Amino acid sequence: MRVVNHKTNEFASVDPISIPGYTEQTHGINFNKSGTIGLGTGYFFDNSVIDVYKSNRETGELQVVGQIMLGDEKRHAAFTHFVYWLDERYALTASMQFDKTSLTPDTTKQIIPPSVWLLDTLEGTATKIIRHTNHPNGQGIFRSASDLAVVNGKLYIAEEDTIDSTFADDGYVSIFDLSDRYKPRFIKRMKPGHELPTGYAVAHTLSPTPDNRYLMLASWASGYIVKIDTTTDTVVKVFGPNDGLVKPHGIFAAGGSR
């Protein structure tokens with residue numbers, strides 16, 4: 001990981017950071033609001049742990065605190081893309097991998113398919129709160145869960161079709177009521193050709209606007225950016241290939257926090 005001191009416009013004294021066994025597959029480290037705890041996702045096949053860090057807030061130096069496993073040695077979820085903090089202690093993550101690969105340890109009996117997990121950084125535990133579903137109308141996670149955001153008490157999950165037996169056939173946004181963080185309640189799934197544009201595929205990145213009114217959704221595979229009104233959970237604006245978009249990978253609403 002590279003570390004830049006943005007005040008001096010130079011690399012920090014701790015740059016680069018390389019922690020064997022931890023940083024090889026990290027897809028960013030997300031800190032809680034106070035900056036006391038950082039969580040790194042295991043963005044690779046069969047990586048079933050979330051790395052936990054604390055940092056020196058003056059130098060940026062990282063120290064490993066531990067790891068939180070999504071399941072146990074016999075049954076676990078793997079391949080996480082992003083972490084979303086709920087407060088100073090709890091965070092959410094979601095998994096993408098469907099089944100075993102050639103890298104899966106012999107001790108693993110099952111890869112838990114795409115699902116959502118509540119992370120307790122104080123206890124160092126992970127609880128599966130949303131299971132997988134095999135049907136687009138099912139009340140769970142259908143495709144690989146790439147990104148997630150919580151807006152107005154609702155959990156939005158970007159589901160992308162990238163690492164199962166096919167590629168980029170479709171992409172969805174599933175919505176859950178998060179009044180009870182241990183028991184989210186399924187509300188709806190936004191689908192291509194219905195709420196989402198026909199041909200929409202690979203719902204990859206979500207970014208809420210600062211007022212929590214809208215949610216921006218990007219797809220690099222099909223070339224769309226979609227604006228969702230979170231009060232009605234409807235699409236209010238679509239930007240696509242006809243507007244000159246080419247593979248928008250990543251999105252950020254100005255004034256927000258990621």
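Since the structure is predicted, the reported quantities are computational estimates derived from the model, not experimental observations.
Side-chain atoms of Thr26 come within 3.5 Å of backbone N or O of Tyr22 as a donor-acceptor pair. Here the side chain of Tyr224 pairs no donor or acceptor atom with the backbone of Tyr200 at under 3.5 angstrom. Distance alone, capped at 3.5 Å, places no donor-acceptor pair between the Thr93 side chain and the Trp117 backbone. At least one donor-acceptor pair under 3.5 Å links the side chain of Thr230 to the backbone N or O of Arg213. Side-chain atoms of Lys100 come within 3.5 Å of backbone atoms of Thr108 as a donor-acceptor pair (strictly under, hydrogens ignored). Asp72 places no side-chain N or O within donor-acceptor distance of the main-chain N or O of His76, the cut-off being under 3.5 Å. Proximity of a side-chain donor or acceptor of Asn152 to a complementary backbone N or O of Asn212 within less than 3.5 Å is detected. Between the side chain of Glu88 and the main chain of Ser34, a donor-acceptor pair closer than 3.5 Å is present. Side-chain N or O atoms of Arg189 include one that pairs as donor or acceptor with a backbone N or O of Pro136 at under 3.5 Å. Here the side chain of His27 pairs a donor or acceptor atom with the backbone of His81 at under 3.5 angstrom.
If you take OH on Tyr156 and CD1 on Ile175, they are separated by 5.0 Å, rounding to the nearest 0.5 Å. Atom CD1 of Ile37 and atom OG1 of Thr121 lie 3.5 Å apart (nearest 0.5 Å). The line from CD of Gln97 to CD1 of Ile111 is 4.5 Å long, rounded to the nearest 0.5 Å. Rounding to the nearest 0.5 Å gives a distance of 6.0 Å between OG of Ser18 and CD of Glu24. To the nearest 0.5 Å, atoms CD1 (Ile29) and OG (Ser55) are separated by 9.0 Å. In this structure, CD1 in Ile141 is found 5.0 Å from CD in Glu159, a value given to the nearest 0.5 Å.
Under the 3.5 Å distance criterion, with hydrogens and angles disregarded, a donor-acceptor pair is assigned to the side chains of Gln67 and Asp51. Side-chain contact check for Thr162 and Glu160: at least one donor-acceptor pair (N or O, by modelled atom type) lies under 3.5 Å. Using modelled atom types, one finds a donor on one side chain and an acceptor on the other under 3.5 Å when comparing Asp46 with Thr101. Side-chain polar atoms of His204 and Ser146 form a donor-acceptor pair below 3.5 angstrom.
Between Asp147 and Ile157, the closest side-chain pair of non-hydrogen atoms is not below 4.5 Å. Contact annotation: the side chain of Met96 never approaches that of Pro114 to less than 4.5 Å [non-hydrogen atoms, C-beta and beyond]. Taking the side chain as every heavy atom from C-beta outward, Leu118 and Arg181 approach each other to under 4.5 Å. Between Ser115 and Ile130, the closest side-chain pair of non-hydrogen atoms is not below 4.5 Å. The closest side-chain heavy-atom distance from Leu215 to Thr209 is not below 4.5 Å. With contacts defined as side-chain heavy-atom distances shorter than 4.5 Å, the pair Arg89/Glu123 qualifies.
Remark: aromatic rings of Tyr172 and Phe142 are close, center separation under 6.0 Å.
By the criterion of side-chain heavy atoms lying less than 4.5 angstrom apart, applied directly or through intervening Ile, Leu, Val, Met, Phe, Trp or Tyr residues, Val173 is grouped together with Ile187 in one hydrophobic cluster. Side-chain heavy atoms closer than 4.5 Å link hydrophobic residues (I, L, V, M, F, W, Y) into clusters, and following such links, even through other members, never connects Met216 to Val150. In the hydrophobic clustering of ILVMFWY residues, with side-chain heavy atoms under 4.5 Å counting as a link, Leu119 and Leu178 come out apart. Ile19 and Phe11 are assigned to two separate hydrophobic clusters, defined by single-linkage of ILVMFWY side chains at heavy-atom distances under 4.5 Å. Hydrophobic clustering (ILVMFWY, side-chain heavy atoms < 4.5 Å, transitive): Tyr53 and Tyr43 are in distinct clusters.
Minimum heavy-atom separation, His132 to Asn134: NE2-OD1, 3.2 Å. Closest heavy-atom contact between Thr80 and Gly42: OG1-N, 2.9 Å. Minimum interatomic distance between Ala158 and Ala203 (heavy atoms only, all atoms of both residues): CB-O, 3.2 Å.
Ion pair Lys188/Asp233 not flagged as a salt bridge, since none of the NZ, NE, NH1 or NH2 atoms sits closer than 4.0 Å to an Asp/Glu carboxylate oxygen. Using a cut-off of 4.0 Å between Lys/Arg side-chain N and Asp/Glu carboxylate O, Asp177 and Lys154 are scored as not salt-bridged.
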Handout entry: Steps toward side chain to side chain contact (heavy atoms under 4.5 Å, CB included) verdict (Val235, Met190)
Key = CA-CA 9 Å; Val235 172; Met190 305 179 76; 3.7 Å; yes
Practice task
Give the C-alpha distance, both sets of side-chain angles, the deciding distance and a yes or no for side chain to side chain contact (heavy atoms under 4.5 Å, CB included) between Leu92 and Leu86.
Solution key: CA-CA 7 Å; Leu92 297 174; Leu86 296 175; 4.0 Å; yes
Problem - Evaluation steps, side chain to side chain contact (heavy atoms under 4.5 Å, CB included), between Ile112 and Leu70 - result: CA-CA 9 Å; Ile112 299 171; Leu70 306 182; over 6 Å; no
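The aromatic rings of Phe44 and Phe79 sit parallel to each other, their planes meeting at less than 30°, with 60° as the upper class boundary. The aromatic rings of Tyr90 and Tyr182 sit perpendicular to each other, their planes meeting at more than 60°, with 30° as the lower class boundary. Ring pair Phe176/Phe186 is perpendicular by interplanar angle, where above 60° counts as perpendicular and below 30° as parallel.
No more than 12 heavy atoms of other residues, nucleotides or ligands sit less than 6.0 Å from atom CD of Glu73.
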